[in-house]
Each structure stands twice: as structure tokens, then as C-alpha cells.
Peer 1: 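First the structure, which I've put down as C-alpha cells, then a few questions once you've had a look.
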Amino acid sequence: MYEDVLRKVSLFSSLSDKELKAIARSLQERHYSRGTALFHQGDTGTGLYIITAGRVSIIQANDPDRAEEVIGTAGPGEVLGEMALLDDLPRSASVVADEETTAIILPIWEFRSVLRQQPEIALKLLSVLSRRLRKAEGRLAEH
């Protein structure tokens with residue numbers, strides 16, 4: 001059902017239909033009204049969010065003496081919090097619905113359960129992350 005949505009997420013782009021199906025079974029749909037936070041900066045990451053309808057603002061507070069700052073927005077098809085699947089670090093920003101918003105969520109515990117059952121998925125994800133790291137290092141070297 002959600003395999004096509006997952007296929008568009010760069011982290012999962014190298015997975016087979018069978019692997020996408022295994023992950024898709026763990027997805028949960030959630031609805032957020034305008035002004036509702038999907039998650040807050042500093043929270044423990046509990047999973048990945050894929051916006052399927054609506055729009056959200058990504059808000060960050062870097063300095064306790066200054067107001068929060070909108071650092072971006074996201075809409076349908078965009079992914080938030082994917083690193084929470086891989087590390088246990090706190091959220092680096094808050095995400096708040098600007099309008100009625102629907103997201104599908106991949107909870108971290110469900111994702112890790114799938115990885116334990118199908119470890120080859122982890123190897124494919126490591127390859128994607130390695131390419132991202134090389135690309136980022138290349139950009140840093142240019143500056």
C-alpha cells in the first residue's frame with residue numbers, strides 16, 4: 001500500500017519490492033491539525049515522517065536568548081527525521097503543521113525489528129549513507 005511512497009525516499013531507493021513491503025507494513029498514518037507539532041526539537045527521535053498531504057514548518061531554536069527561527073518547510077512527498085532511524089540523538093528541530101497535514105510514520109522500533117529479520121536491508125542502507133557522506137565530504141573539500 002505505501003511501497004510507492006517509500007520508494008521515493010532516497011534512503012530506501014535501493015530496496016527491492018519485497019523489502020519495501022516489509023517496511024511498509026510498519027507504517028502508521030497520522031493526521032495533524034494546523035498549529036500542531038509533529039515533534040519538538042530536543043525530543044528523542046521516534047521515527048521517520050513522510051508528509052503525504054499539507055505543509056509543515058521546520059523550526060529551530062539555536063540560541064535560548066533569541067526567538068525560534070523557521071529554517072524550512074516541507075510538503076507532500078518530503079521526508080523528515082530519517083536519521084532518527086539510525087541514531088539515538090535528539091531531534092535537531094521542531095516540525096509544526098501549517099495547515100491540515102497527513103503524514104505516514106515509520107516508528108524506529110518497527111524499523112529495527114524489520115532490520116533484525118532482514119539484515120540485508122541494513123547493508124543496502126549503509127551503501128546509500130556512504131554515498132551521501134562521500135558527496136558531503138566532496139562539497140566540504142570544494143570550500
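Index from 1, following the sequence. Computed over heavy atoms, backbone and side chain alike; hydrogens, waters and symmetry mates excluded.
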Peer 1: To the nearest 0.5 Å, how far apart are CG in Leu125 and CD in Glu82?
Peer 2: 10.0 Å
Peer 1: Answer yes or no: is there a side-chain heavy-atom contact under 4.5 Å between Ser94 and Gln60?
Peer 2: no
Peer 1: Indicate if Ile105 and Leu86 have the same hydrophobic cluster label, given that clusters are the connected sets of ILVMFWY residues with side-chain heavy-atom separations under 4.5 angstrom.
Peer 2: no
Peer 1: Using modelled atom types and a 3.5 Å cut-off, is there a donor and acceptor pairing between side-chain atoms of Gln41 and backbone atoms of Ala61?
Peer 2: yes
Peer 1: Between Lys124 and Glu19, does any side-chain N to carboxylate O distance fall below 4.0 Å?
Peer 2: yes
Peer 1: State, to 0.1 Å, how close Leu38 and Tyr49 come at their nearest heavy-atom pair, and which atoms those are.
Peer 2: O-OH, 3.4 Å
Peer 1: Within a strict 4.5 Å, meaning less than it, do heavy atoms of the Ile51 and Ile104 side chains meet?
Peer 2: no
Peer 1: Answer yes if Phe39 and Leu11 sit in the same cluster of Ile, Leu, Val, Met, Phe, Trp and Tyr residues linked by side chain heavy atoms under 4.5 Å apart, and no otherwise.
Peer 2: no
Peer 1: On a heavy-atom basis, which atom in Ser26 and which in Val114 lie closest, and how many Å separate them?
Peer 2: OG-CG2, 3.9 Å
Peer 1: What are the two closest heavy atoms between Glu99 and Arg55, and how far apart are they?
Peer 2: CG-N, 3.5 Å
Peer 1: Side-chain contact, heavy-atom cut-off 4.5 Å: Ile59 with Ile71?
Peer 2: no
Peer 1: State plainly whether one hydrophobic cluster holds both Phe111 and Leu126, where clusters connect Ile, Leu, Val, Met, Phe, Trp and Tyr through side-chain heavy atoms under 4.5 angstrom apart.
Peer 2: no
Peer 1: Got a second to check how far Thr44's OG1 is from Ile108's CD1, nearest 0.5 Å?
Peer 2: 9.5 Å
Peer 1: Measure the CG-CZ distance between Leu20 and Arg7 for me, rounded to the nearest 0.5 Å.
Peer 2: 5.0 Å
Peer 1: Which of these passes side chain to side chain contact (heavy atoms under 4.5 Å, CB included) with Phe12: Leu6, Val5, Val128?
Peer 2: Leu6
Peer 1: What's the shortest heavy-atom distance between Ala97 and Tyr32, and which atoms?
Peer 2: CB-CB, 4.1 Å
Peer 1: Roughly how far, to the nearest 0.5 Å, is CD1 of Ile121 from OG of Ser14?
Peer 2: 9.5 Å
Peer 1: Just verifying a value: how many Å separate Leu80 CG and Ile58 CD1, rounded to the nearest 0.5 Å?
Peer 2: 5.0 Å
Peer 1: Scan side-chain atoms only and decide if Ser130 and Ser127 contain a donor-acceptor pair under the 3.5 Å cut-off.
Peer 2: no
Peer 1: Search all heavy atoms of Arg91 against all heavy atoms of Ala84 and return the closest pair with its distance.
Peer 2: NH1-CB, 3.6 Å
Peer 1: Heavy-atom count check: over 12 atoms from other residues, nucleotides or ligands less than 6.0 Å from Arg34 CZ?
Peer 2: no
Peer 1: Heavy atoms only: give me the nearest Ala53-Pro76 pair and the separation to one decimal.
Peer 2: CA-CG, 4.1 Å
Peer 1: Is it true that a side-chain atom of Glu110 and a backbone atom of Pro107 form a donor plus acceptor pair closer than 3.5 Å?
Peer 2: no
Peer 1: In Å and rounded to the nearest 0.5 Å, what is the OH to NZ distance from Tyr2 to Lys21?
Peer 2: 15.0 Å
Peer 1: Indicate yes or no for a side-chain donor-acceptor contact from Glu29 to the backbone of Thr102 under 3.5 Å, with no hydrogens or angles considered.
Peer 2: no
